[in-house]
Amino acid sequence: MKAHLTELLFSVVKQITDYTDSSIIVIDRPKIISHGDFSTNLCLILSKKLKKPPREVAAIILKQIPPSELISKIEIAGAGFLNFFLSSKANNEIINNVLSLKESYGKNKTGNNQKIQIEFVSANPTGPLHVGHGRGAAIGDCLARLFEASGWIVTREFYYNDAGEQINNLTQSVKASCQNISTDDPRFPSDGYHGDYIHDIAKAYLSKKKIECQGQIIKATGEIKDTESIQEFSIAYLRNEQDQDLIAFRTKFDVYTLESSFYKNGKVDSVVNKLIEEGHTYEKDGALWLKTTNFGDDKDRVMKKTDGSYTYFIPDVTYHLDKWERGFKKVINEQGADHHSTISRVQAGLQGLNKNIPENWPEYVLHQMITVTKAKKEIKISKRAGSYLTLRELIDEVGCDATRYFLAARRPDSQLIFDIDLARSQSNDNPVFYIQYAHARISKVIEQWGGDVSKLKLDESFTFENSAELKLIKSISIYPEIVLQATNELAPHQIANFLKDCAAELHSYYNDSKFLVADKNIKLARLSLINSARYVLKNGLQLLGIEAPQQM
RNA sequence: CUGCCCGUAGCUCAACUGGAUAGAGCACCAGUUUUCUAAACUGGGGGUUACAGGUUCGAUUCCUGUCGGGCAGGCCA
C-alpha cells in the first residue's frame with residue numbers, strides 16, 4: 001500500500017519538480033485516527049524548493065494525483081500534511097489477506113535466507129540465572145524470532161566462559177564448602193561465591209552424584225583433594241541448572257560454545273600469534289600488550305599476563321573470529337550493559353587480525369541493568385554476596401508468559417525497576433493477560449458460532465463503518481510494518497506495545513458490538529474481522545514466545 | 001576525573017529514529033452486565049518531556065552546556 005501511494009505521489013512530483021528519485025517521499029502512519037490511514041509530509045519538504053507555502057503545494061498535488069480505487073479520500077491537514085483514507089475495498093482486502101495468510105501474516109522475506117547468528121544470555125557457569133539473565137533471554141529470543149519472521153536463518157548461541165579466574169573461584173568456593181569452611185571464615189576464598197547453591201553443589205559432590213549435561217554424564221569422585229573433579233562437577237552442575245531454567249523459560253539454543261574449546265584446539269594461540277605477526281603487540285612489565293589504541297580504544301590492554309595466561313578478551317576475539325569463519329556476515333550479541341567495555345576490545349582485536357572483518361561487526365544489543373526492589377528497598381543483585389532474584393523463582397511465582405512479557409516489553413536501554421512485591425501480588429495486572437484475554441474472547445465467539453472458520457471470507461461489497469471496526473482494521477494492517485521495524489531496529493518491545501494496543505481495539509469493539517447477530521452478512525463480516533485480529537494476536541504473541549490461549 | 005546509557009503524569013513505561021492536540025497501565029473520581037467471558041468497556045482529573053541555550057516550517061527526539069541516576073574505566077569476566 002505504501003508503495004502504491006509512493007507511486008501515485010511520485011507521478012505528480014516528477015511533473016512539478018526535477019526529482020528523479022522517489023526516496024524523498026516518506027509515507028507515515030498517523031497516530032490519530034482522524035488523520036487517516038496514511039500521511040505524508042511531502043508538501044512540507046517541497047515547500048522550500050518550490051518557494052510556495054506547504055498548503056499551496058498540497059493543493060497542487062491534490063489536483064494532479066491520479067485516482068485510485070483503494071483510496072476514498074485525501075485531505076490537506078495541519079501545516080500541510082496530506083492524509084489518505086482507505087476505501088472499503090482496500091480494507092476488505094486487508095482482512096481477506098490475513099484470512100488467507102493465517103500464521104504467515106506479518107512475516108516478510110527481507111532476510112532473503114541469509115544466515116544470522118544471535119548470541120545471548122552467555123552466563124558464566126558460576127551461579128544460577130537471575131533476572132538480568134532473564135532479560136537477556138527474553139530480548140535475545142524475541143530478536144531471534146523476529147529475524148526468523150523476516151526471512152533470516154537464525155542460529156541461537158550460548159557462550160560459556162568455562163575457563164579462567166572466575167571458574168577457579170567457583171572451584172575453590174565449592175572445595176571450601178566441602179571442608180565445612182563457612183563463608184565468614186577467613187580460610188574461605190576472599191573472591192569466593194557466597195550463595196547457598198555452593199553448599200548444594202558441595203553436598204552433591206560429596207555424595208558422588210551424577211549430573212547429565214548436554215548429553216554427557218559427569219560423575220563426582222567425591223574426593224576433596226580432587227580439584228579437577230570438583231571443577232568439572234561444579235560446572236556441569238550449574239550448566240545443568242541453567243539449562244533447565246532456560247527450558248522452563250522456553251528458550252532454546254542451537255549451539256553451545258565453550259571458551260575452553262578454543263584453548264584445546266589451539267585457536268587462541270593462533271590468534272595471539274597472528275596479532276603478534278601483524279605488529280599490534282608489544283611487551284611491557286613482563287606482559288604482552290595489544291595496541292587497542294590503534295583501533296579507537298582509550299588505552300592499550302594486556303593480552304597475556306605475567307603468569308603466561310591470557311586475559312578474557314583474547315578468547316572472546318577468538319570466539320568471534322570463529323563466528324566469522326563459520327560464515328556469519330551478520331551477528332548480534334545481546335548482553336548486559338556492564339559488558340560494554342569489551343566491545344571496543346573485541347572489535348579492536350578483530351581488526352588487528354587483518355581479515356577484512358567490518359569495523360562495526362558484530363552488532364550489539366545491550367540491555368541496561370535491572371534494579372530489583374522489595375518493600376520499596378533496592379536489593380543488590382550480586383552473585384558474590386548470594387543475594388538475587390533467580391529467573392527460576394520468577395517463573396515459578398508469576399509464570400513464564402508474564403515474565404517473558406515483562407522483560408521484553410521495555411526498551412533494552414531503559415533501566416527498568418523490578419518490584420518483586422508488585423510482580424507477586426499483581427501478576428494479573430501484567431498486560432500479557434489483557435492480550436491473551438482478547439485472543440481467548442475471539443476464540444470463544446468463533447467456537448459458539450460453530451461454523452467453518454477456514455471458509456470465512458469477507459464479501460467484496462461489504463463496508464465497515466463503525467469507528468471501532470475501522471480502528472481494529474487499522475491495527476491489523478499495521479502489524480507487518482511493526483514486525484519489520486522491530487526487526488530492523490532490534491527492538492522486540494515494539495511488538496509487545498503493539499499487541500497491547502491491538503488488544504485494546506479488540507476489547508473496545510467487543511464491548512461496542514455484538515458479533516453473533518441475526519443478519520448473516522453482518523455476522524460473517526464481523527467474524528471475518530475478529531478472526532483476522534485473532535491471527536494478528538496469535539502471531540504477535542508467538543514472536544514474544546508467549547502462548548495464545550483458546551480460553552482463560 | 002574520563003567514556004557509554006538514561007532522565008517523560010504520583011508510580012511503572014510508550015511515543016513509528018524530526019511530525020500534527022506527548023500516549024497507555026497502575027493509583028484516584030464517576031458510570032456500564034436479563035446479551036458472544038466485567039481478567040472487559042466508557043468518561044474525568046493529572047505534563048514547562050530534569051534545566052538553559054542552539055539548529056528549522058516543526059524538537060521528548062539532533063547539537064552544546066549544567067544538574068541528577070546507572071554502568072564501565074583490573075595482568076577479574
Side-chain angles (χ1 to χ4, degrees), chain A residues 26 28-32 34-35 39 41 44-45 47-48 53-54 77-81 83 122 124 126 161 163-169 191 259 285-289 297-299 301-313 315-316 336-344 366-369 371 406 409-419 422 426 428-431 433-434 436-438 440-449 468 478 481-482 485-486 488-489 491 493-494 496-498 500-501 503-504 506-517 526-527 530 551-552:
Chain A
V26 177
D28 279 325
R29 314 258 357 190
K31 288 178 211 167
I32 302 169
S34 64
H35 292 159
S39 74
N41 60 357
L44 296 159
I45 293 166
S47 155
K48 206 176 217 173
F81 292 94
N83 293 339
S122 291
N124 291 349
T126 52
N161 289 110
E165 203 51 40
Q166 304 221 3
I167 293 299
N168 268 334
N169 288 337
D191 285 332
E259 178 185 2
D285 303 331
L288 189 65
W289 295 66
D297 203 352
D298 49 5
K299 58 180 170 190
R301 309 288 167 176
V302 169
M303 52 189 277
K304 190 177 187 179
K305 299 185 241 173
T306 43
D307 68 1
S309 62
Y310 297 114
T311 53
Y312 71 93
F313 78 95
D316 270 5
D338 52 341
H339 291 96
H340 76 257
S341 60
T342 74
I343 296 175
S344 56
L366 298 181
H367 64 260
Q368 293 293 316
M369 301 292 95
T371 306
F406 183 86
R410 281 124 162 96
R411 265 164 54 234
D413 53 11
S414 71
Q415 287 169 223
L416 70 88
I417 295 176
F418 193 96
D419 185 333
L422 203 69
Q426 304 191 337
N428 269 1
D429 281 338
N430 191 309
F433 299 110
Y434 181 84
Q436 291 180 319
Y437 185 44
R441 273 183 144 178
I442 300 171
S443 301
K444 202 56 185 291
V445 171
I446 286 174
E447 187 190 317
Q448 296 211 354
W449 166 57
I478 283 176
E481 294 167 32
I482 301 284
Q485 186 179 312
N488 291 337
E489 295 180 11
H493 73 281
Q494 293 181 358
N497 290 325
F498 165 80
K500 205 173 65 178
D501 291 343
L506 186 279
H507 285 307
S508 286
Y509 184 33
Y510 189 99
N511 280 276
D512 176 80
S513 308
K514 192 169 159 63
F515 309 130
L516 299 175
V517 292
R526 290 181 179 171
L527 286 170
I530 61 170
Q551 56 177 22
M552 286 175 74

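Hydrogens, waters and symmetry mates are skipped; everything else that's a heavy atom, side chains included, is used. Numbered from 1 within each chain, the chains take letters A, B, ... in sequence-line order.
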Inset, instruction - Under the side chain to side chain contact (heavy atoms under 4.5 Å, CB included) rule, collect the residues that match up with A:A77, sequence neighbours excluded. - result: A:N83
Legend entry - Strand RNA chain B in bracket notation, Watson-Crick/G-U under 3.5 Å with | for pairs to another chain: (((((((..((((.....[...)))).(((((.......))))).....(((((..]....))))))))))))....
Legend entry - A:K305 vs B:C76: side-chain N/O to OP1/OP2 distance below 4.0 Å: yes
Inset, instruction - Go through the structure and list residues passing side-chain hydrogen bond (donor to acceptor under 3.5 Å, both in side chains) with A:Y434, not counting sequence neighbours. - result: none
Legend entry - Heavy-atom protein contacts under 4.0 Å, nucleotides 9-18 of chain B, coded B base, S sugar-phosphate only, - none: ---SSSSBB-
Tabulate protein N/O versus nucleotide N/O from nucleotides 43-47 of chain B, keeping only pairs under 3.5 Å, one per line.
none

Inset, instruction - Mind checking salt bridge (charged side-chain N to carboxylate O under 4.0 Å, His left out) for A:D413 and listing every partner two or more places apart, or none if nothing turns up? - result: A:R411
Legend entry - Partner residues of A:S39 under the side-chain hydrogen bond (donor to acceptor under 3.5 Å, both in side chains) criterion, sequence neighbours left out: none
Legend entry - With sequence neighbours excluded, residues passing side-chain hydrogen bond (donor to acceptor under 3.5 Å, both in side chains) with A:Q494: A:Q485, A:E489
Legend entry - Any residue meeting side-chain hydrogen bond (donor to acceptor under 3.5 Å, both in side chains) with A:Y312, in chain and number order, not counting sequence neighbours: A:R345
Legend entry - Those residues that, when tested against A:R301, pass salt bridge (charged side-chain N to carboxylate O under 4.0 Å, His left out) (two or more places apart): A:D297, A:D298
Quick test: give all pairs of protein nitrogen or oxygen and nucleotides 38-42 of chain B nitrogen or oxygen below 3.5 Å, distance rounded to 0.1 Å.
{"unit_1": "B:A38", "atom_1": "OP2", "unit_2": "A:R441", "atom_2": "NH2", "d": "2.6"}
{"unit_1": "B:A40", "atom_1": "O2'", "unit_2": "A:R441", "atom_2": "NH1", "d": "2.9"}
{"unit_1": "B:A40", "atom_1": "O2'", "unit_2": "A:N511", "atom_2": "ND2", "d": "2.7"}
{"unit_1": "B:C41", "atom_1": "OP1", "unit_2": "A:Y434", "atom_2": "OH", "d": "2.4"}
{"unit_1": "B:C41", "atom_1": "O4'", "unit_2": "A:N511", "atom_2": "ND2", "d": "3.0"}
{"unit_1": "B:C41", "atom_1": "O3'", "unit_2": "A:S508", "atom_2": "OG", "d": "3.4"}
{"unit_1": "B:U42", "atom_1": "OP1", "unit_2": "A:S508", "atom_2": "OG", "d": "2.9"}

Legend entry - Donor-acceptor pair present, A:S39 side chain and B:A20 base, under 3.5 Å: yes
Legend entry - Partners meeting salt bridge (charged side-chain N to carboxylate O under 4.0 Å, His left out) with A:R410 (sequence neighbours left out): none
